[in-house]
Engineer: 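My questions will all concern the structure given below.
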Protein chains: 2
Amino acid sequence: MQKEITIYDIAKQLELSPATVSRALNDHPAINQNTKTLVANKAMEMGYRSNMFASNLRRQRTKTIGVIVPRLDSAFMSTVLSGMEKVANESSYNLIISQSLESVTKEIANAKTMFDSRVDGLLVSLASDTDNLDHFNTFFRKGIPLILFDRVIAQKNCINIVIDNQKAGYDATIHLINQGCKRILHVTGSLKRNVYADRLRGYKLALLEHGLTGGAELERSTNLTRQDGLDLVNYIKSMAIPPDGLFIASDFCAATCITALKQSGFSVPTDIAVVGFNDDPVSLVIDPGLTTIHYPGQEMGEIAAQSLINHLNGLLRLSTTNTILLNHELVVRGSSQRVVSQSTLP
Amino acid sequence: MQKEITIYDIAKQLELSPATVSRALNDHPAINQNTKTLVANKAMEMGYRSNMFASNLRRQRTKTIGVIVPRLDSAFMSTVLSGMEKVANESSYNLIISQSLESVTKEIANAKTMFDSRVDGLLVSLASDTDNLDHFNTFFRKGIPLILFDRVIAQKNCINIVIDNQKAGYDATIHLINQGCKRILHVTGSLKRNVYADRLRGYKLALLEHGLTGGAELERSTNLTRQDGLDLVNYIKSMAIPPDGLFIASDFCAATCITALKQSGFSVPTDIAVVGFNDDPVSLVIDPGLTTIHYPGQEMGEIAAQSLINHLNGLLRLSTTNTILLNHELVVRGSSQRVVSQSTLP
DNA sequence: TTGTATGCGTTATCAA
DNA sequence: TTGATAACGCATACAA
């Protein structure tokens with residue numbers, strides 16, 4: 001447990017002032033090049049490490065970004081986080097990550113912790129029951145940038161990074177219609193959240209455009225869990241006229257549902273064609289392969305982190321950009337392909 | 001962007017000394033209860049938040065735990081992280097998370113960042129090509145606790161948290177043997193890593209005990225990716241005598257392999273029985289359901305974080321405990337069940 | 001039970 | 001190009 005080396009120690013050994021050492025270490029333009037290398041070498045030799053607290057205390061910034069997500073243990077979110085970590089790391093920002101577990105109460109507590117940790121900026125995807133952004137007012141008041149991604153609420157002074165969920169929902173539904181589906185059941189999550197409300201809107205629009213029937217019986221709002229996937233089959237069996245198409249807003253839920261459908265004697269895609277959402281790894285494993293909307297998670301994480309860092313460096317003004325829209329893509333696999341006889345299973 | 005409130009501001013308003021305010025805020029025993037509530041209320045009223053940097057600078061600790069994992073975007077790792085976050089949050093520790101992307105070079109860089117961030121302790125799962133713990137020497141020297149989990153290297157002064165991978169490998173293999181398999185192919189990852197080396201050892205032991213043939217032809221070291229799962233089928237088709245059992249050290253790889261096997265006309269489990277590892281969500285979705293070793297990820301994360309925090313609080317001495325072994329469990333599903341006719345698919 | 005005084009390690013301002 | 005000095009906000013040893 002050796003003593004910690006400070007710039008004073010370096011200064012003493014080099015017969016310089018601490019101020020000069022500090023400037024040399026920070027590559028200050030007004031410092032002689034020779035002095036810089038001298039200091040750098042000495043620092044290395046003595047095993048110096050800068051004290052970020054002292055530095056942060058002085059500079060009033062932390063080089064830390066806070067991240068609040070609904071759940072850490074989701075395939076989609078882990079790709080997003082992976083992208084964020086990559087970008088943050090490259091710009092030598094640290095990431096403090098916490099999860100709301102889909103509860104606004106915990107989200108509020110997490111926001112407070114982040115505030116007390118004095119993060120330079122915040123990246124947030126909202127819990128399923130969050131109604132407003134009041135708990136981030138402390139951030140807004142202090143001018144700490146907040147970027148919402150995936151699950152967002154539109155608000156001034158706050159970038160949203162999303163895909164066009166309505167268009168994605170529309171694309172998915174149109175695809176089913178093109179495969180000959182006439183009666184399409186849509187299963188979605190909490191309609192408080194843009195991601196689900198927008199997909200539903202897209203679905204309805206597509207039906208409307210093609211003069212197809214929708215209505216309450218064909219719209220199910222669930223938690224999109226494994227169990228919901230299984231329950232769905234019972235619901236389908238209970239229907240007077242079962243659907244011939246299924247658009248489920250989560251791949252994992254869709255995959256369990258397909259498994260259960262097959263066990264109940266339904267044939268996929270012949271009896272019921274299925275489209276999921278997210279392009280979760282599971283969609284490649286299920287048989288038949290799951291048609292889905294590819295969601296660029298890694299990219300979304302990278303762009304969110306990069307936008308925040310750019311803003312912090314004054315390279316991007318939040319007020320000029322308000323929403324960043326990422327491209328999604330329909331990935332057609334076996335679970336929905338009726339027109340072409342041979343599936344494109346991987 | 002209002003001015004930041006400090007304990008001095010509170011002290012002035014209350015006509016107390018900053019020291020008293022500081023102590024009151026920290027619930028110091030020597031402070032009058034009335035004073036405490038007085039200070040607490042005033043702090044709340046004025047919108048005070050403590051400055052962690054000033055505090056850390058004084059106390060020489062950070063209330064921050066560093067986490068280095070191979071990949072963020074894995075189902076298993078995200079459950080581990082979820083457990084860690086839960087425990088850390090409850091004890092008001094922050095988590096700084098970074099990924100090595102399976103590269104020892106990046107792991108070294110991450111370790112340095114963590115060191116400079118002055119984390120109070122470190123939770124690490126090693127990259128696939130890490131040979132030793134030299135890059136953590138700076139931590140050892142300063143007495144900063146390091147806990148390795150899942151992918152570990154045994155070392156003095158450093159807790160390992162693992163499951164008994166050898167026993168798990170043994171259990172998986174024995175199960176296949178009990179299902180009548182005589183020729184079992186084992187597919188695993190980098191043998192530098194305990195998790196894979198131990199599983200292989202367990203596999204070999206089980207074969208040995210039952211007088212079954214093993215050998216190089218039946219041991220494949222891969223990266224356990226999706227592609228490896230697909231390639232495996234080609235390998236199997238190229239074998240003079242194909243295996244009748246498959247023990248794959250990763251569920252996702254096993255699942256893709258099953259899909260490919262079925263497409264190549266193999267029947268699972270009749271022709272080839274398959275056992276995976278991890279109890280990844282995918283194992284419930286694949287048809288037939290994947291027999292696997294349940295790996296307690298969430299629990300591992302919780303225990304790792306809790307052990308570290310206990311140590312930091314002086315409640316647990318690292319030297320007394322060296323390895324914490326978590327229970328695994330064989331979960332039997334359809335992919336391996338030959339003896340019982342009806343599968344236990346969910 | 002409370003107050004005084006000091007230092008934690010940096011960086012920014014001003015001066016040289 | 002470098003140096004002296006004063007904060008940054010807090011927690012503690014010592015005094016009272």
Side-chain angles (χ1 to χ4, degrees), chain A residues 1-40 42-43 46-64 92 94 115-120 142, chain B residues 1-40 42-43 46-64 92 94 115-120 142:
Chain A
M1 194 85 117
Q2 81 230 4
K3 187 191 161 298
E4 200 69 52
I5 306 294
T6 73
I7 51 171
Y8 286 93
D9 301 319
I10 301 179
K12 211 170 296 169
Q13 292 236 356
L14 254 34
E15 297 185 317
L16 285 170
S17 78
T20 304
V21 173
S22 169
R23 283 190 275 245
L25 253 16
N26 288 301
D27 204 18
H28 190 108
I31 295 290
N32 188 304
Q33 190 54 51
N34 295 331
T35 317
K36 281 184 190 171
T37 48
L38 210 63
V39 169
K42 201 63 178 177
M46 298 178 71
Y48 167 80
R49 60 170 174 170
S50 94
N51 187 318
M52 301 181 89
F53 307 123
S55 172
N56 287 338
L57 181 58
R58 247 330 290 242
R59 296 209 237 211
Q60 309 273 38
R61 66 161 170 64
T62 68
K63 277 281 200 177
T64 296
S92 57
N94 280 329
F115 189 67
D116 290 344
S117 299
R118 282 176 159 70
V119 294
D120 288 343
K142 292 202 88 62
Chain B
M1 194 86 113
Q2 80 231 3
K3 187 193 162 297
E4 199 72 49
I5 307 294
T6 73
I7 52 171
Y8 288 92
D9 301 318
I10 301 178
K12 210 170 295 169
Q13 292 235 355
L14 253 32
E15 296 186 320
L16 285 170
S17 78
T20 304
V21 173
S22 170
R23 283 190 273 248
L25 253 15
N26 288 302
D27 205 19
H28 189 108
I31 296 289
N32 188 303
Q33 191 54 51
N34 294 331
T35 316
K36 281 185 190 171
T37 48
L38 211 65
V39 169
K42 200 64 178 179
M46 299 178 71
Y48 167 80
R49 60 170 173 169
S50 96
N51 186 317
M52 302 181 92
F53 306 121
S55 174
N56 288 338
L57 183 59
R58 249 323 292 243
R59 297 206 230 212
Q60 309 272 38
R61 64 162 171 64
T62 66
K63 278 281 197 176
T64 296
S92 56
N94 280 329
F115 189 68
D116 289 344
S117 300
R118 280 175 161 70
V119 295
D120 288 343
K142 292 202 87 61

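To find a chain, count down the sequence lines: A is the first, B the second, and so on, and within it residues start at 1.
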Engineer: Counting only side-chain nitrogens and oxygens, does Thr20(A) get under 4.0 Å of the OP1 or OP2 atom of dT1(D)?
Structural biologist: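 Negative; the distance criterion is not met.
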Engineer: Find the distance Asp27(B):CG to dT12(D):C1' and express it as a whole number of Å.
Structural biologist: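 Asp27(B) atom CG is separated from dT12(D) atom C1' by 17 Å.
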Engineer: In whole angstroms, how far is the P atom of dA11(D) from the NZ atom of Lys63(B)?
Structural biologist: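 Value for this atom pair: 13 Å.
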Engineer: Do Thr62(B) and Asp120(B) have side-chain N/O donor and acceptor atoms under 3.5 Å apart?
Structural biologist: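 A donor-acceptor contact under 3.5 Å links the two side chains.
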Engineer: In terms of side-chain heavy atoms, does Ser117(B) have a donor or acceptor partner in Asn94(A) at a distance below 3.5 Å?
Structural biologist: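 Yes, a side-chain donor-acceptor pair sits under 3.5 Å.
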Engineer: Using a strict threshold of under 4.0 Å (side-chain N to carboxylate O), is an ion pair present between Lys36(B) and Asp27(B)?
Structural biologist: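 Between Lys36(B) and Asp27(B) there is a salt bridge, with a charged N closer than 4.0 Å to a carboxylate O.
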Engineer: Atom CG of Asp9(B) to atom P of dC10(D): distance rounded to whole Å?
Structural biologist: 9 Å
Engineer: About how many Å separate CZ of Phe53(B) and CZ of Arg118(A), when rounded to the nearest 0.5 Å?
Structural biologist: 7.0 Å
Engineer: Provide, to the nearest angstrom, the distance between the NE2 atom belonging to His28(A) and the C1' atom belonging to dT1(D).
Structural biologist: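 Those two atoms, NE2 and C1', are 9 Å apart.
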Engineer: Classify every nucleotide of nucleotides 8-16 of chain C by which part a protein heavy atom approaches to under 4.0 Å, writing B for the base, S for the sugar-phosphate alone and - for neither, in 5'-to-3' order.
Structural biologist: BBBBBB---
Engineer: Measure the spacing between CG of Leu25(B) and CD1 of Ile31(B) and express it to the nearest 0.5 Å.
Structural biologist: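 The CG atom of Leu25(B) sits 10.5 Å away from the CD1 atom of Ile31(B).
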Engineer: From NZ of Lys12(B) over to P of dG3(C), roughly how many Å is that when rounded to an integer?
Structural biologist: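 Between P of dG3(C) and NZ of Lys12(B): 15 Å.
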Engineer: Nearest whole Å is fine: how far is dG9(D) P from Asp116(A) CG?
Structural biologist: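 About 15 Å, once rounded to whole Å.
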Engineer: So Ile10(B) and Ile5(B), do their side chains get closer than 4.5 Å, heavy atoms only?
Structural biologist: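 In short, these two side chains touch, coming nearer than 4.5 Å.
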